[in-house]
Amino acid sequence: MSDDKIRVAVMGAAGRMGTTVCRAVLDAPDMELVAVIDPPHEGRPLDDFGIAGTGLTIEMVGPSVKKADPQVAVDFTNLDGVRANSRWCALNGVHAVVGTTGLTSGDLQDLAGLFNGERANAVIAPNFAIGAVLMMHLADIAAPHFDAAEVIEMHHAAKLDAPSGTALSTAKRLAARRGSKPFSHQKPDKTTLEGTRGGEEGSVAVHSVRLPGFVADQEVIFGLPGQTLTITHRTTSREAYVPGVLLAIRKVTSEPRFYRGLDQLLGLDARA
């Protein structure tokens, strides 16, 4: 174990995003993968999931993970997993990088209380794709100049929630940016198919597409008479999240604070 490398544990290591993160940590010259956690697969070697030669075995959170002495735990599990894992990390002085979506405002308040910079820090982000964060930032800039806005998000068929955390966060940011002058949301006089106009968050319509072939795409469409502006982010593989995750791992070990969103790590002004 090298003293000059960041020691990383990956929670949800057997999942699609988990294996992507494991490979990214192994390829990073300044990091070391020291523990892999995924309770349903406890006892199986990481080799079984396409990552050979590490000598690591899938574990549950507990004394053996603590013995591995991780500095950072990356968590792409689910809501229940994040709630339990984050508490363990905070109590054991392990920094957390969390990419699970669907956390409530109450969850975020609890996490901010746990990760107060005294023993451990955290980065909690609904999206680790740098392009997606910049998409939201650019939409933030455009919001005051258009009368209406809609969000269309397109994800793989296995995604459990709708809309995505990124889409909902985008709509909330746009609504907050407008303040006391909300967007115009045109509703039809006659609805022949319920849900056609999507959900609505702060006068911003949000539409969800779930199809095989997508990873995670989003469009923000603004409208004025005679013109539209579309800001689009396309994801072709889960490798899109790797630069953001590695940035978060490095940042969370160097600055004692609680980060809500990748935009704070990029020095962008989060308005909501």
Side-chain angles (χ1 to χ4, degrees), residues 99-105 108 124-238 240-241 243-244 260-272:
T100 301
T101 62
L103 293 170
T104 66
S105 57
L108 292 172
I124 314 293
N127 198 316
F128 277 95
I130 291 174
V133 175
L134 289 169
M135 169 196 63
M136 288 190 282
H137 180 67
L138 295 172
D140 219 27
I141 294 171
H145 307 289
F146 287 86
D147 294 339
E150 305 211 3
V151 175
I152 305 173
E153 56 96 347
M154 296 150 280
H155 279 75
H156 55 91
K159 185 169 176 59
L160 299 178
D161 58 332
S164 68
T166 299
L168 189 58
S169 177
T170 301
K172 288 179 176 179
R173 285 180 62 158
L174 295 179
R177 188 77 169 95
R178 297 286 295 190
S180 61
K181 188 180 179 182
F183 289 110
S184 170
H185 177 61
Q186 187 64 41
K187 297 181 179 179
D189 293 333
K190 179 181 179 182
T191 300
T192 55
L193 183 63
E194 287 297 329
T196 304
R197 290 291 291 120
E200 185 181 344
E201 174 65 46
S203 298
V204 179
V206 181
H207 310 266
S208 296
V209 176
R210 296 290 178 268
L211 285 174
F214 284 114
V215 178
D217 293 3
Q218 182 169 298
E219 297 180 354
V220 184
I221 306 173
F222 293 98
L224 274 174
Q227 61 182 306
T228 62
L229 172 67
T230 302
I231 302 172
T232 303
H233 178 250
R234 304 273 185 226
T235 303
T236 57
S237 77
R238 287 176 176 79
Y241 306 114
R260 296 193 189 195
L262 197 64
D263 45 4
Q264 294 184 348
L265 277 68
L266 297 173
L268 303 176
D269 178 21
R271 300 177 183 271

- Note on the structure: Taken in chain and number order and not counting sequence neighbours, the residues that satisfy side-chain hydrogen bond (donor to acceptor under 3.5 Å, both in side chains) with Thr196 are none
- Query: Taking atom CG of Leu268 and atom CE of Met136, what is their separation to the nearest 0.5 Å?
  - Reply: 9.5 Å
- With sequence neighbours excluded, residues passing side chain to side chain contact (heavy atoms under 4.5 Å, CB included) with Ala158: Arg16, His156
- Note on the structure: Residue set satisfying salt bridge (Lys or Arg N to Asp or Glu O under 4.0 Å) with Asp147, at least two apart, ordered chain then number -> none
- Only counting residues at least two apart or in another chain, list the ones meeting side-chain hydrogen bond (donor to acceptor under 3.5 Å, both in side chains) with Ser164. none
- ring-ring contact (aromatic ring centres under 6.0 Å, His included) contacts in which one or both residues fall within residues 199-222, not counting sequence neighbours: Phe146-Phe222
- Query: Say you draw a straight line from CD1 of Ile152 to CG of Asp217; how long is it, rounded to the nearest 0.5 Å?
  - Reply: 11.5 Å
- Task: Work out which heavy atom in Pro144 is nearest to a heavy atom in Ile141; give both atom names and the distance.
- Result: CD-O, 3.2 Å
- Indicate the atoms forming the closest heavy-atom contact of Ile130 with Pro243, along with that distance. CD1-CB, 4.0 Å
- Can you tell me if Thr230 and Glu219 form a side-chain donor-acceptor pair at under 3.5 Å? no
- For Pro188, side chain to side chain contact (heavy atoms under 4.5 Å, CB included) partners two or more places apart: Thr191, Arg197
- Any residue meeting side-chain hydrogen bond (donor to acceptor under 3.5 Å, both in side chains) with Gln218, in chain and number order, not counting sequence neighbours: Thr170
- Query: Got a second to check how far Ile231's CD1 is from His137's NE2, nearest 0.5 Å?
  - Reply: 10.5 Å
- Message: Show the nearest heavy-atom pair for residues Asn127 and Ala132, with the distance to one decimal.
- Response: ND2-CB, 3.5 Å
- Item | Audit row: Val220, Leu174, side-chain contact (heavy atoms from CB on, under 4.5 Å) steps and yes/no | CA-CA 10 Å; Val220 184; Leu174 295 179; 3.9 Å; yes
- Note on the structure: Applying side-chain hydrogen bond (donor to acceptor under 3.5 Å, both in side chains) to Thr235 and not counting sequence neighbours gives none
- Item | Shortest non-hydrogen contact between Leu262 and Gly244, atoms and distance | CD1-O, 3.8 Å
- Check for a donor-acceptor pair, side chain of Arg210 on one end and backbone N or O of Asp161 on the other, with a separation under 3.5 Å. yes
- Item | Pairwise distance NZ(Lys159) to CE(Met154) - rounded to 0.5 angstrom | 13.5 Å
- Closest heavy-atom pair, Gly202 versus Ala175, reported as atoms and distance to 0.1 Å, is O-CB, 3.6 Å
- Any donor-acceptor pair under 3.5 Å from Arg178 side chain to Ala143 backbone: yes
- Message: Surrounding CG of Leu211 (heavy atoms of other residues, nucleotides or ligands, distance under 6.0 Å), is the total greater than 12?
- Response: yes
- Message: Could you tell me if the side chain of Thr192 sits less than 4.5 Å from the side chain of Lys190, heavy atoms only?
- Response: yes
- Message: Side chains of Ile124 and Leu103, heavy atoms from C-beta outward: is any pair under 4.5 Å?
- Response: yes
- Task: Could you pull out all residues at least two apart from Leu168 that satisfy side chain to side chain contact (heavy atoms under 4.5 Å, CB included)?
- Result: Pro163, Lys172, Glu201
- Item | salt bridge (Lys or Arg N to Asp or Glu O under 4.0 Å) involving Lys187 - partner list, sequence neighbours excluded | Glu200
- Query: Of the non-hydrogen atoms in Val215 and His155, which two are nearest, and what is the gap between them?
  - Reply: O-CD2, 3.5 Å
- Of all residues at least two apart in sequence or in a different chain, which pass the side chain to side chain contact (heavy atoms under 4.5 Å, CB included) check with Ser105? none
- Who pairs with Tyr241 by ring-ring contact (aromatic ring centres under 6.0 Å, His included), at least two apart in sequence or on another chain? none
